[in-house]
Enquirer: 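The structure follows.
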Amino acid sequence: MPRLRRRDYALPADELAPRLLGHTLVRLLDGTRLAGVIVETEAYLGPEDRAAHSYNNRRTPRTEPMFGPAGTSYVYFTYGMHHCMNIAAAEVGVPQAVLIRALEPTEGLDTMRAHRATPRRPVAALRPADLCSGPAKLCQALAIDRSLTGLDLTASDQLWVEAPARDTTTGSGFLQIHTGTRIGVGYAGAWARRHLRYFLCGHPHVSSRRTGGRPWKPQGGGNPAGP
DNA sequence: ATGACGATTTACT
DNA sequence: GTAAATCGTCATA
């Protein structure tokens, strides 16, 4: 499938985040494709968004990629041991990004298992849902770390996003897109309560809270909204 | 130079 | 449900 181009990424983060659902994240590692379908994302809206690393336009070597062109990778290290991957949205100078929170792994599962294995959890014990069902898990499975921050995903030969066979924006023909509150941002006050998390409701590879939230742009016959 | 803190995961009670 | 693991980043001095 064709990779996304600049104009595909050049949207406000809260429009890009639901759009990416159903698309495939591809990591080429030593000639091997490691890939999965994006099933959960979160939007971070930049200067106004207290939950964002770029809150108040904080611009440092770490956050710099978010100020770059849409489609730039932003990978950060946190809790002394985990990496998380985002894709810059909006336009140059506007530090918005979409956090990739979960994938349904589709290619290179054996390599992913090897990356995720530990003495306590050997390869044989790992199930598909243990590989990419969280922002740090998928980075470990796909071997994504800070060396991959600041990449142009429209040109990189290591990391990119491919379009799905069909447009999944509305969720038609697939699981319905739901929204909910972002995870792990309780410190963000009112911004923590905004529905900026997007996921395929009930999908087994979503990180947590597989259900809940409310339908996004409900199609005909959708459930009534309510928090 | 120093200290506080994570856009998390895992194991354990 | 709670807690530990573990260190780069950032603000303050």
Side-chain angles (χ1 to χ4, degrees), chain A residues 12-14 16-18 20-21 25 36 38-68 72-90 94-103 105 112-150 179-199 204-210 212-213:
Chain A
D14 55 347
L16 178 60
L20 288 175
L21 298 176
L25 179 67
I38 298 169
V39 299
E40 181 183 356
T41 58
E42 283 176 358
Y44 286 84
L45 299 183
E48 315 270 293
D49 183 355
R50 197 166 149 200
H53 292 164
S54 53
Y55 175 57
N56 209 27
N57 267 314
R58 184 170 53 173
R59 189 166 188 161
T60 66
R62 178 178 67 137
T63 63
E64 184 63 29
M66 283 193 280
F67 290 82
T72 300
S73 64
Y74 167 49
V75 181
Y76 66 88
F77 181 68
T78 190
Y79 290 104
M81 62 191 95
H82 298 303
H83 294 276
C84 294
M85 184 204 157
N86 302 251
I87 300 174
V94 179
Q96 298 190 354
V98 174
L99 172 69
I100 308 300
R101 282 199 59 92
L103 308 174
M112 293 186 196
R113 266 187 275 267
H115 290 161
R116 291 274 301 141
T118 66
R120 298 288 301 261
R121 302 192 64 176
V123 167
L126 290 171
R127 305 168 340 175
D130 298 318
L131 301 178
C132 301
S133 56
K137 294 181 188 177
L138 71 89
C139 282
Q140 187 178 20
L142 303 202
I144 294 170
D145 63 21
R146 277 169 300 170
S147 71
L148 299 186
T149 200
T179 66
T181 56
R182 292 173 294 182
I183 293 176
V185 298
Y187 56 82
W191 281 89
R193 264 164 258 133
R194 289 193 48 174
H195 279 220
L196 292 170
R197 172 172 175 256
Y198 306 84
F199 59 102
H205 294 266
V206 164
S207 68
S208 61
R209 302 191 227 165
R210 286 181 197 176

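Just so we're on the same page: letters track the sequence lines, and every chain starts at 1.
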Enquirer: Please determine, for the side chain of A:R116, which listed nucleotide (B:dT10, C:dC10, B:dT8) has the closest atom?
Expert: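 Closest nucleotide to the A:R116 side chain: B:dT10.
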
Enquirer: Could you tell me whether A:R58 sits above the aromatic face of A:Y55, with NZ or CZ closer than 6.0 angstrom to the six-membered ring centre and within 45 degrees of the axis?
Expert: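 Checked: cation-pi criterion not met.
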
Enquirer: From OH of A:Y187 over to C1' of B:dT8, roughly how many Å is that when rounded to an integer?
Expert: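 So the two atoms are 12 Å apart, to the nearest Å.
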
Enquirer: Is a side-chain donor or acceptor of A:T181 paired with a backbone partner of A:A192 at a separation under 3.5 angstrom?
Expert: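 No, the answer is negative, given that no donor and acceptor are paired below the 3.5 Å cut-off.
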
Enquirer: Among A:H83, A:R116, A:H82, A:H115, find the residue that satisfies the side-chain hydrogen bond (donor to acceptor under 3.5 Å, both in side chains) test when tested with A:Q140.
Expert: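 For A:Q140, the side-chain hydrogen bond (donor to acceptor under 3.5 Å, both in side chains) check succeeds only for A:R116.
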
Enquirer: Report yes if a side-chain nitrogen or oxygen of A:H82 is closer than 4.0 Å to either non-bridging phosphate oxygen (OP1 or OP2) of B:dT9; otherwise report no.
Expert: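 A:H82 to B:dT9 OP1/OP2: no side-chain N or O under 4.0 Å.
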
Enquirer: What is the nucleic acid contact for A:R182, judged by heavy atoms within less than 4.0 Å: base, sugar-phosphate only, or nothing?
Expert: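 No contact at all - A:R182 keeps every heavy atom at 4.0 Å or more from the nucleic acid.
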
Enquirer: Specify the separation, in whole Å, of atom CZ of A:R197 and atom P of B:dT8.
Expert: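 So the two atoms are 11 Å apart, to the nearest Å.
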
Enquirer: OP1, OP2 of C:dC10 versus side-chain N and O of A:R59: anything below 4.0 Å?
Expert: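 For C:dC10, OP1/OP2 do not have a side-chain N/O of A:R59 under 4.0 Å.
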
Enquirer: Measure from the side chain of A:R146, starting at C-beta and using heavy atoms only, and say which of C:dG8, C:dC10, B:dT8 lies closest.
Expert: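 My answer, after comparing the listed nucleotides, is C:dG8.
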
Enquirer: May I have the distance from A:L126 (atom CG) to B:dT9 (atom P), rounded to whole angstrom?
Expert: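 The distance from CG of A:L126 to P of B:dT9 comes to 14 Å, rounded to the nearest Å.
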
Enquirer: Find the distance A:Y55:OH to C:dA11:P and express it as a whole number of Å.
Expert: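 After rounding, the gap between these two atoms is 13 Å.
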
Enquirer: Determine whether the aromatic ring centres of A:H53 and A:Y76 lie less than 6.0 Å apart.
Expert: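 Yes, close enough.
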
Enquirer: Taking atom types as modelled and ignoring hydrogens, do the side chains of A:S207 and A:R101 form a donor-acceptor contact shorter than 3.5 angstrom?
Expert: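 Judged by distance alone, the side chains do pair up.
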
Enquirer: Check whether any side-chain N or O of A:R182 sits under 3.5 Å from a backbone N or O of A:A43 as a donor-acceptor pair, and report yes or no.
Expert: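 Looks like yes, one N/O pair under 3.5 Å.
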
Enquirer: Measure the distance between the ring centre of A:Y44 and the centre of the six-membered base ring of B:dA7, then answer whether it is under 5.5 Å with planes under 30°.
Expert: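 Stacking is present between B:dA7 and A:Y44, given that their ring centres fall under 5.5 Å apart and the planes under 30°.
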
Enquirer: Is A:D130 salt-bridged to A:R113, cutoff N-O under 4.0 Å?
Expert: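 No, this pair does not count.
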
Enquirer: Expressed as a whole number of angstroms, how long is the span from A:D130:CG to B:dT9:P?
Expert: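 Spelled out: CG on A:D130 to P on B:dT9 is 12 Å.
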
Enquirer: What's the closest nucleotide to the A:T78 side chain, out of C:dC10, C:dT6, B:dG6?
Expert: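 Nearest nucleotide to the side chain: B:dG6.
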
Enquirer: Tell me: CZ of A:R101 to C1' of B:dT8, nearest whole Å?
Expert: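 Roughly 8 Å, once rounded to whole Å.
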
Enquirer: Taking the minimum atom-to-atom distance to the side chain of A:F77, which one of B:dA7, C:dG8, C:dT6 wins?
Expert: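 For the A:F77 side chain, the nearest candidate turns out to be C:dG8.
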
Enquirer: Would you mind telling me which of C:dC10, B:dT8, B:dT10 lies closest to the side-chain atoms of A:T63?
Expert: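 Minimum distance to the A:T63 side chain belongs to C:dC10.
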
Enquirer: Would you say that more than 12 heavy atoms from the other residues, nucleotides or ligands in this model lie under 6.0 Å from the CZ of A:R59, or not?
Expert: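 Enclosed.
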
Enquirer: Provide, to the nearest angstrom, the distance between the NZ atom belonging to A:K137 and the C1' atom belonging to B:dT10.
Expert: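 The answer, rounded to whole Å, is 9 Å.
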
Enquirer: Just checking A:A136: base, sugar-phosphate only, or nothing, at a heavy-atom cut-off of under 4.0 Å?
Expert: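 Sugar-phosphate contact only.
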
Enquirer: Starting at the 5' end of DNA chain B, what dot-bracket string do you get if Watson-Crick and G-U pairs under 3.5 Å are bracketed, crossing pairs use [ ], other-strand pairs use | and unpaired bases use dots?
Expert: ||||||.|||||.

Enquirer: So what does A:T60 hit on the nucleic acid, given a heavy-atom distance under 4.0 Å: a base, only sugar-phosphate, or nothing?
Expert: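 It contacts sugar-phosphate atoms only.
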
Enquirer: Base, sugar-phosphate, or nothing for A:Y79, non-hydrogen atoms under 4.0 angstrom?
Expert: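 Base contact.
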
Enquirer: Base, sugar-phosphate alone, or nothing: which one does A:R50 contact when heavy atoms must sit under 4.0 Å apart?
Expert: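 Counting heavy atoms under 4.0 Å across all strands, no contact is made by A:R50.
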
Enquirer: In whole angstroms, how far is the P atom of B:dA7 from the CE atom of A:M66?
Expert: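 These atoms are roughly 10 Å apart.
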
